[in-house]
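A short write-up of the structure that comes next.
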Amino acid sequence: MSDFPEKLIRVSAVVLRDADGQVLTVRKRNTSRFMLPGGKPEPGESAAEAAVRECAEEVGAVLDPGSLRRIGVFLADAANEPGWKIEGTVFEHPFVGITGSAAEIEEMRWLDPALHPLPGDLAPLLEHFVLPAIAR
């Protein structure tokens with residue numbers, strides 16, 4: 001018996017902070033939850049390669065693969081696929097310029113990770129795992 005659920009989506013995501021320490025979050029088209037920029041790796045692509053590609057596609061951020069720092073791999077309920085779990089490999093990268101939303105991104109929002117209470121529209125992976133991990 002596997003420790004992983006059958007309905008599993010693997011993704012890579014990146015924490016990008018501005019000069020004030022706020023974290024970039026995005027909301028994809030036809031969804032209601034904000035999450036980190038990122039997405040599913042393509043066949044043969046590593047988690048880091050997917051993170052770099054997805055950030056370029058979604059927000060125009062050109063990341064240096066050598067500057068990615070892995071925060072962790074987390075298992076959470078998927079934000080937009082009821083009954084599915086998400087396994088997120090999450091990285092942090094020093095701030096780089098953001099050109100704006102592209103691809104399937106409908107909205108971008110900067111989030112103060114110390115905000116309490118947090119907005120009620122955050123993806124479970126971000127709210128329950130990433131924000132506590134980066135607060136340490």
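Residues: numbered from 1 along the sequence shown. Nothing here was measured: the structure is a model prediction, and the numbers come from that model. No hydrogens, no waters, no symmetry mates; every other heavy atom, side chains included, goes into these values.
- Listed by chain and residue number, nothing satisfies the side chain to side chain donor-acceptor pair (under 3.5 Å) test with R33 (two or more places apart in sequence, or in another chain).
- Considering OG1 of T89 and CZ of F74, their distance stands at 9.5 Å, rounded to 0.5 Å.
- The shortest non-hydrogen separation linking P132 to L126 is CD-O, 4.3 Å.
- Both L68 and I98 sit in one connected hydrophobic cluster of ILVMFWY residues. Membership requires side-chain heavy atoms under 4.5 Å apart, directly or through other members.
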Going by atom type alone, with no hydrogens or angles, which donor-acceptor pairs under 3.5 Å involve a side-chain atom of residues 117-125 and a protein atom two or more places apart or on another chain?
| unit_1 | atom_1 | unit_2 | atom_2 | d |
| --- | --- | --- | --- | --- |
| D121 | OD1 | R109 | NH2 | 2.7 |
| D121 | OD2 | R109 | NH1 | 3.1 |

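- In terms of heavy atoms, P37 sits closest to L24 at CD-O, 3.6 Å.
- One hydrophobic cluster, built from ILVMFWY side chains closer than 4.5 Å, holds both I9 and V130.
- In the hydrophobic cluster analysis, where Ile, Leu, Val, Met, Phe, Trp and Tyr join through side-chain heavy atoms closer than 4.5 angstrom, F129 is grouped apart from V73.
- The side chain to side chain contact (heavy atoms under 4.5 Å, CB included) test with L36 is passed by exactly one of V26, V14, V90: V90.
- Counting all heavy atoms, side chain and backbone alike, T25 lies closest to F34 at OG1-CD2, 3.5 Å.
- Taking each heavy atom of M35 and A79 in turn, the nearest pair found is CE-CB, 4.2 Å.
- Side-chain contact check for W110 versus D18: some heavy-atom pair is nearer than 4.5 Å.
- Between R17 and P94, the closest side-chain pair of non-hydrogen atoms is not below 4.5 Å.
- For E106, the salt bridge (charged side-chain N to carboxylate O under 4.0 Å, His left out) partners two or more places apart in sequence, or in a different chain, are R29.
- Between I86 and L8 there is no side-chain heavy-atom pair separated by less than 4.5 Å.
- Linking ILVMFWY residues whenever their side-chain heavy atoms come closer than 4.5 Å, directly or via other members, places V96 and F91 in the same cluster.
- Under the 4.5 Å side-chain criterion, counting only non-hydrogen atoms from C-beta, I71 is in contact with I134.
- The stretch residues 40-52 participates, sequence neighbours left out, in these side-chain hydrogen bond (donor to acceptor under 3.5 Å, both in side chains) pairs: E45-R53, S46-E49.
- Scanning for side chain to side chain donor-acceptor pair (under 3.5 Å) contacts around Q22 gives an empty result, with sequence neighbours left out.
- Interatomic distance, CD of E127 versus CG of L111, reported as 10.0 Å (0.5 Å rounding).
- Within the structure, every pair that satisfies the side-chain hydrogen bond (donor to acceptor under 3.5 Å, both in side chains) test and touches residues 62-78, not counting sequence neighbours, is listed here: D64-S67, R69-E92, D77-K85.
- In this structure, CD on E58 lies 10.0 Å from OG on S101, to the nearest 0.5 angstrom.
- Here E107 does not pair with K28 in a salt bridge; the nearest charged N to carboxylate O distance is not below 4.0 Å.
- Looking at heavy atoms from C-beta onward, L16 lies in side-chain contact with L63 at the 4.5 angstrom threshold.
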